[in-house]
Every structure is written in structure tokens, then in C-alpha cells.
Amino acid sequence: MRHALSIVFSLTLAIPAVAQSPASDASLKKTGSIFDGETLEGWRGRSDLWSVENGAIVGRTTDSDPIQTNTFLVFGGSVPSNFELSCQYKIESGNSGIQYRSRVIDEKEFVVGGYQADIDTDGKFTGINYEEKGRGILTLRGEKTTITAAGKKKKEVFGDAAELAKAINPGQWNQYRVVANGNRLQHFINGQLMSEVIDEQSDKAATDGVIALQLHRGPAMVILFKDLMVIELPAH
């Protein structure tokens, strides 16, 4: 299913300020929901794997019919270059993630590559920045990493990964917030900054692209998303 869905604009909605966020209520320009809570209108992916149940997008794989490659549910509407993306997620098993500023590599199999706000059941990788089909792990939880023009990583540790994981509620709903502003990429979970990347590698860095939700190959898994919202930030 492939439909275009424009983000609905409003100047009245505000979100709570969170420490270390680069945006304030006064700076927000455009906002809109990218999921209507009832259908997958505006999204495209494998209809046998993705559905809507009780107001949430549900991705589900089985051991009896395992997927052979990571596959994604891709949002087909326009996405601003600089934005905040927020949603609620709950993972019951497996490994998933939220793609942003990404590109569709295989339209038939819904394969996507690009920046990923990682999610996993064990919490080992949740909150990190992983570049799917690209440079791999860009930064771990508790790290601020600057990727230089030459591709070298300069890391600063701002928190302990295990301590930060205590802000994540296993098997329950959690709020994920991604801030992509210029070359600064921040991941927040339940209001806590989990990781940050400054991507100065211009030949690899992405300044725009699609939003997508991941189902990971391997053992059976279930991932749920709801309340997906995008807010445009001023030009960086």
C-alpha cells in the first residue's frame, strides 16, 4: 500500500521541554501526526507483517515463517530536514528501531538504510545510534560522538549505559524522541538523553530522508508503536 500523507500543520501544539533539547516551544513551526491510530494510510510495507491493533502499529514475525532480511514499514509523507520525532513504543520480543533521514534501498522488500534509533528487548542497544546498511554503530548509550570529516570518532562519555537503561521500562510503553537538527542527532527515552552524534562526515551524513519502523530478521518478534508525531524545527 502506498499513499502520500501530508503532515497536518498547527501552531498551537506544544510539547514539554526536556533538558538538553535544542528546541523550545517558541521555536516550533509545524507539527503533525503521521499515524491516524486506525489504519496504515500513508505507510507502506509488508501487509502480512504490519497491522493496526488497539490504536497502535504492530509489527509481528513468527518462527514458522521467519523473515530472511530486515524489513520496514515506511512513511510515505513529506518529512522536514530538521525535526523532532516522538512516539510511544513497546517491544515484546526481538530487535527493532526507528529509521530517520533514511533511504529505501529495495522497494519490493522494503529494505531501508540510514540512521536508526535502536530498540531491543534486552536493553543492550536501546537508545544508541546505529546506521543501518552503513557505518554500523555510530555511538553507544551514554556517549556523545563527533564523527569527523575524515570519518574518525571522537567520543565523550556523559553517562553510564547501565544507569541510563534504568529509565527504560522493559515490556511496557516508553516514549522515544529523536531530535535531528543540522548534523546533531539526539535520542531521548522517557525524557532522558541516551545518545548524541555530531556527524561531520559530509560524504556519509544524511540531511534528509524517510522515516521507517523496523522488523529484524531472526527469532519471532513483536513491536508496537503509537502516537507518532513530527515537529519541524527552524532551519539550522
Side-chain angles (χ1 to χ4, degrees), residues 7 20-23 34 43 45 59 69-87 89 91 95-107 110-120 124-149 151-156 158 161 164 174-189 192-216 223 225 228-233 235-236:
I7 295 175
Q20 302 187 63
S21 171
I34 60 173
W43 296 80
T69 187
N70 296 351
T71 188
F72 297 79
L73 184 69
V74 183
F75 176 62
S78 60
V79 179
S81 296
N82 298 308
F83 61 87
E84 293 190 9
L85 165 65
S86 64
C87 70
Y89 80 89
I91 187 166
N95 183 314
S96 183
I98 304 165
Q99 296 290 142
Y100 62 98
R101 287 188 180 175
S102 294
R103 66 198 185 282
V104 179
I105 296 172
D106 185 334
E107 189 68 58
F110 305 104
V111 176
V112 171
Y115 298 127
Q116 181 185 121
D118 214 326
I119 300 169
D120 71 312
K124 180 179 179 180
F125 299 109
T126 301
I128 76 167
N129 193 319
Y130 178 82
E131 189 177 42
E132 182 86 0
K133 303 294 185 183
R135 292 168 289 177
I137 294 176
L138 301 183
T139 197
L140 296 173
R141 189 168 58 238
E143 293 180 349
K144 174 182 177 181
T145 299
T146 299
I147 304 174
T148 69
K152 295 183 178 180
K153 295 180 180 179
K154 298 180 179 179
K155 297 184 178 182
E156 302 173 34
F158 64 81
L164 291 171
N174 294 273
Q175 184 198 47
Y176 219 132
R177 191 163 69 94
V178 174
V179 180
N181 197 12
N183 64 1
R184 183 185 299 271
L185 313 170
Q186 295 174 303
H187 297 171
F188 297 82
I189 298 178
Q192 174 64 58
L193 178 65
M194 293 290 171
S195 66
E196 182 171 344
V197 169
I198 310 295
D199 197 348
E200 299 176 347
Q201 193 177 6
S202 59
D203 61 329
K204 301 286 187 180
T207 57
D208 57 21
V210 302
I211 289 170
L213 310 175
Q214 184 190 60
L215 278 172
H216 204 285
I223 181 72
F225 297 94
L228 289 103
M229 183 78 66
V230 169
I231 297 171
E232 183 175 10
L233 299 176
H236 185 79

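Here the structure is a predicted model, which is why all the values come from computation and not from measurement.
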Any T69 side-chain heavy atom under 4.5 Å of D106 side chain: no
Backbone N/O of M194 and side chain of R141: donor-acceptor pair under 3.5 Å: no
Euclidean distance, D118 CG relative to L138 CG, rounded to 0.5 Å: 11.0 Å
Any donor-acceptor N/O pair, Q99 side chain to G114 backbone, under 3.5 Å: yes
Approximate separation, where rounding is to 0.5 Å, of T148 OG1 and I198 CD1: 13.0 Å
Parallel, tilted or perpendicular: rings of Y176 and Y89 (30°, 60°): tilted
Heavy-atom side-chain proximity of V111 to K133 below 4.5 angstrom: yes
Distance (rounded to the nearest 0.5 Å) between I34 CD1 and L85 CG: 5.5 Å
Donor-acceptor contact below 3.5 Å, side chain H187 vs main chain S195: no
Verdict with reasoning, L215 to F110, per side-chain contact (heavy atoms from CB on, under 4.5 Å): CA-CA 10 Å; L215 278 172; F110 305 104; over 6 Å; no
Step-by-step side-chain contact (heavy atoms from CB on, under 4.5 Å) determination, F72 to V104: CA-CA 9 Å; F72 297 79; V104 179; over 6 Å; no
From T146 atom OG1 to K154 atom NZ, the distance as rounded to the nearest 0.5 Å: 7.5 Å
side-chain contact (heavy atoms from CB on, under 4.5 Å) evaluation trace for Q214 with Q116: CA-CA 9 Å; Q214 184 190 60; Q116 181 185 121; 3.3 Å; yes
Plane angle bin for F83 and Y100 - parallel if under 30°, tilted between 30 and 60°, otherwise perpendicular: perpendicular
From CA spacing to verdict: side-chain contact (heavy atoms from CB on, under 4.5 Å), I211, S102: CA-CA 7 Å; I211 289 170; S102 294; over 6 Å; no
Backbone N/O of A212 and side chain of W43: donor-acceptor pair under 3.5 Å: no
Residue pair E84 / R177, side-chain heavy-atom distance below 4.5 Å: yes
T126 and D120: side chain donor to acceptor below 3.5 Å: yes
Side-chain donor/acceptor of Q192 to backbone N/O of I189, under 3.5 Å: no
Side-chain donor/acceptor of S96 to backbone N/O of I223, under 3.5 Å: no
Just list the side-chain donor-acceptor pairs under 3.5 Å for residues 201-209, sequence neighbours left out, or say none.
{"from": "Q201", "atom 1": "OE1", "to": "R135", "atom 2": "NH1", "distance (Å)": "2.9"}

Nearest-0.5 Å distance that lies between atom CD1 in I137 and atom CD1 in I128: 4.5 Å
Closest non-hydrogen atom pair between A117 and V178, with its separation: CB-CG2, 3.8 Å
4.5 Å side-chain heavy-atom contact, R184 and V197: no
Lys/Arg cation over aromatic Y115: R101, 6.0 Å, 45° cone: no
Side-chain donor-acceptor pair present, N70, E132, cut-off under 3.5 Å: yes
Gap between atom CG of L213 and atom CG of L73 - 0.5 Å precision: 5.5 Å
L228 and F75, any side-chain heavy atoms less than 4.5 Å apart: no
